[in-house]
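No hydrogens, no waters, no symmetry mates; every other heavy atom, side chains included, goes into these values. Each chain gets a letter, A, B and so on, in the order the sequences are listed, and its residues count up from 1.
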Amino acid sequence: MSELMLGNKAVARGLYEAGVTVVSSYPGTPSTEITEYASAYPADEMYCEWAPNEKVACETAIGASIAGARSFCAMKHVGLNVAADPLFTASYTGVSGGMVIAVADDPGMHSSQNEQDSRHYAIAAKVPCLEPSDSQECRDYAMLAYEISEKFDTPVILRLTTRVSHSQSEVVTGERTEKALPEYKKDIAKYVMVPANAVKKHVVVEQRTLDLTEYAETAPINTVEYGSTDIGVITSGICYQYAKEALGDKASYLKLGMVNPLPVKLIKEFASKVKTLYVIEELDDVIETHCRKHGIDVKGKELFTYQGEYFQSRIKQMILGEADEFIAIDENIPVRPPVLCAGCPHRGVFYILKKLGVMVSGDIGCYTLGAAAPLSAIDTTVCMGASISGLHGFNKGRKGEYEGKAVAVIGDSTFMHSGITSLVDIAYNRSNSTVIVLDNSITGMTGHQNNPANGKNIYGDPASAVNLEALAKAIGIDSVEVIDPNNLEQTERVIKQELAKAEPSLIIARKPCALLKTVKHKAPFSINSDKCKNCKSCMRIGCPALVSGDKCITIDPTLCVGCGLCTQLCKFDAIEE
Amino acid sequence: MDTKSVMIVGVGGQGTLLASRILGSVLVDAGYKVKVSEVHGMSQRGGSVVTYIKYGEQVYSPVIEKGQADIIVSFEQLEAARWISYLKKGGTIITNTQKISPMPVITGAAAYPDGLEDKIKAAGVKLIAADALSAAEKAGSARAVNVVLMGVLSRVLPGIELSSWKAAVEKCVPAKVIEINEKAFDLGREL
């Protein structure tokens, strides 16, 4: 049977059919739905979990593989930075049950802080990397990855990009094949990577790369399609689809389903049959560099950029010199950037932080939107967990000058991911720093995943919840306060109080995400136009439900959730329930 | 047939994803090859969002670019104007007449443009403007704007059986709001 499926859903289907039994991931756009869809299959067939971070997820998959199970973890590109440590050595140990790491890159940065190309990790860790170009290939390549993993004794990276992960196309599915769990046998030479063993394993890894290169020469997923031989295109993943749409039968194609290691003879043979050879690959010049290294003349990044997504029209323009016509209207269209939702519990904290004029060391999550106007509260955003350690470094760098006027803000899920060790650093080194955990009881930005602090597992079943207050005390933070971020008076008072203290402190701003179905909302508020003086005090919180007008402010009843934050700013009692 | 391209544009939170899934389901039932490209993550938070639906005998790229869309369904007026350059010459825009102010308008840094409908028509576009919000409210929920607009689209998109649309609505919306959405779809067909 066939079904229209998101690429990520098709990967989950492939895992299920391949007989995978252990899945551990941390959410990250555009990879999140793989694990969500995987968790829809029966847990006794394919156990799924959210791990606190990608390193833990990857290590869980490694352990399951050593146990003989087919295992899996998924992450976004920056998640692989976190999981890189286990990956590089799992390459040496190899596997027992097949192990696959799906990593979803985000060219164009739809929801990411950088645009890194994960193929470099496959090269650096010396593991094979497959790259599907549509949902059917997502399912098929996920299954093939397990065969390659077990045949060549290696973890395999399944590289996705946003347009593959988040596009739907038809998928023909099959039945699940259960893999019998082999008996566990202790194998110190294979799995204990002390130098004496690792030295021997490195030799194995280099031979494996040679074997995999030989495999790549005839691999069924590296395919040649001949059209006109005036133009030859070497490509992979979503760029294949763009190239086919742009050039059709005006070109011949070498589509590489396996992007590490790359074949040599296959490329040379294809190159010999076409007049002009182009490499079309988003982000870095991985295939192009490989071609040049082997003396194959190609056109690549001199035509195509290292930045963003390509699409068909760019390819058509660069290779055929053709452009589509389009309509334009003469109108200045205001931008519509993403904003914190109406009723978002983060808003009150950012309003107060801006009012106090403090330096705000930010982190990764919905609350990064606290950097947007009119709140404009956040000073920095680097990576998961960096708010806390970054604040510590900032305070040390300013020699204490900012200790009473700088804070870190981090979400509950991000704190679980990699904020805890940073807070340990602050406690251990007696850093006079104030950290605010924005605890909205969910992983918000990626679409509401449970996490170790909210008391539910991936299946929504009750789970132990990390007690943030007790954790802080246990690591040596003596000053811990809990606030309601929708109470502006309390929020301002407590932040001032903690900033004034000459010791590390933690403030937990606790209120669940306004989008959670379990959160009960009040009816929308409205503005009494007789009382409103149009002073715009309420507009400073940047709520999308408040709209400015010539005479008075109005409230959009389709957006307002009655959180009441704006009422605390109105001096004329004009905002009514 | 040539590949046909439909864009669904709107504001994050308006339910554009669900609409694209209904349309995708209808087109698969009609026997087309279909690709749907969605947007997840940060831009969903009240930002400008777009979904591409392409169908035909063979679809390669899931993405629609400037000058390539046959139909644009906009959930909000300003978004119709924002994406107009993506329309093919002679293409159709269906827009909800609802206005949702973006943050620069809310803060007073920019103005919401006047007379957008006229400007879109003046560009030679076939424009169908519909008050989908009122229809959705009449059906029982302001959230059903997406299904009202699918009702409007069902009048414009050739070659699809009405029963197929209704089955897709039933399949894609949550069970407890099927009745509201069936009503919303029917009201959309009358707009």
Side-chain angles (χ1 to χ4, degrees), chain A residues 2-4 6 29-30 32-33 110-112 134 163 166-170 238 240-246 309 311-313 324-342 366 368-369 372-374 445-447 536 539 542-544 546-548 556-559, chain B residues 3 11-13 20-21 24-25 28 33-48 52 59-63 65-68 78-79 81-82 84-89 91 98 100-113 116 119-120 122-125 133 142:
Chain A
S2 89
E3 187 191 328
L4 201 59
L6 210 57
T29 312
T32 312
E33 300 81 8
H110 296 271
S111 200
S112 301
D134 63 15
R163 294 290 170 187
H166 287 166
S167 290
Q168 297 186 59
S169 57
E170 269 175 282
I238 193 67
Y240 165 76
Q241 305 289 354
Y242 298 149
K244 278 290 280 190
E245 179 145 333
E309 300 178 277
F311 308 145
Q312 55 273 18
S313 62
D324 287 323
E325 282 180 57
F326 57 87
I327 307 162
I329 57 168
D330 183 24
E331 183 63 68
N332 200 4
I333 307 290
V335 294
R336 190 188 298 274
V339 290
L340 292 173
C341 306
C366 288
T368 314
L369 294 170
M445 178 62 82
T446 45
K536 298 188 168 25
M539 302 303 285
C543 177
L546 291 163
V547 183
S548 61
D556 182 338
T558 65
L559 292 175
Chain B
T3 303
V11 179
S20 71
R21 288 182 178 181
S25 172
V28 168
K33 293 281 180 209
V34 179
K35 285 193 177 174
V36 180
S37 184
E38 308 176 347
V39 173
H40 298 225
M42 182 175 264
S43 50
Q44 278 181 293
R45 303 277 173 261
S48 173
Y52 309 115
V59 182
Y60 291 108
S61 167
V63 176
E65 296 178 85
K66 284 185 177 178
Q68 295 173 359
L78 188 62
E79 296 309 308
R82 183 187 313 286
I84 191 171
S85 59
Y86 282 65
L87 201 66
K88 259 183 208 163
K89 281 206 164 148
Q98 190 182 353
I100 301 173
S101 294
M103 196 47 69
V105 172
I106 286 174
T107 60
Y112 196 105
L116 283 176
K119 284 171 187 162
I120 290 171
V125 169
L133 181 60

Margin query: If I compare all heavy atoms of A/Ala342 with all of A/Pro544, which pair ends up nearest, and what's the gap?
Written below: N-CG, 3.7 Å

Out of [options], return the one with the most heavy atom pairs under 4.5 angstrom to chain A.
options: B/Glu65, B/Lys66, B/Lys119; result: B/Glu65
options: B/Ala110, B/Pro113, B/Ala123; result: B/Pro113
options: B/Gly67, B/Pro102, B/Pro62, B/Ser25; result: B/Pro102

Counting only heavy atoms closer than 4.5 Å, note whether [X] contacts chain A via side chain, backbone, both or neither.
X: B/Leu116; answer: side chain
X: B/Val28; answer: side chain
X: B/Ala122; answer: neither
X: B/Tyr86; answer: neither
X: B/Lys88; answer: backbone

With a 4.5 angstrom heavy-atom cut-off, is it the side chain or the backbone of [X] that approaches chain B, or both, or neither?
X: A/Glu331; answer: side chain
X: A/Pro30; answer: neither
X: A/Leu340; answer: neither
X: A/Leu4; answer: side chain
X: A/Asp134; answer: side chain
X: A/Glu309; answer: neither

Can you confirm whether [X] sits close enough to [Y] that some side-chain heavy atom of one is under 4.5 Å from a side-chain heavy atom of the other?
X: B/Ser48; Y: A/Pro338; value: no
X: B/Glu79; Y: A/Arg336; value: yes
X: A/Glu245; Y: B/Val63; value: no
X: B/Leu78; Y: B/Tyr112; value: yes
X: A/His110; Y: A/Arg163; value: yes
X: A/Gln241; Y: B/Lys35; value: yes
X: B/Val125; Y: A/Ile327; value: yes
X: B/Ile106; Y: B/Ser101; value: yes

Heavy-atom pairs under 4.5 Å with chain B: which of [options] has the most?
options: A/Gly542, A/Ala243, A/Cys341; result: A/Gly542
options: A/Val547, A/Thr558, A/Val335, A/Asp324; result: A/Val335
options: A/Glu33, A/Met539, A/Lys244; result: A/Lys244

Notebook entry, point to check: Looking only at side chains, do A/Gln312 and B/Gln68 share a donor and an acceptor under 3.5 Å apart?
Noted result: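 A donor-acceptor contact under 3.5 Å links the two side chains.
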
Checklist line | Side-chain donor-acceptor pair present, B/Glu38, A/Ser167, cut-off under 3.5 Å | finding: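 No, because no side-chain N or O of B/Glu38 sits under 3.5 Å from a partner of the opposite role on A/Ser167.
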
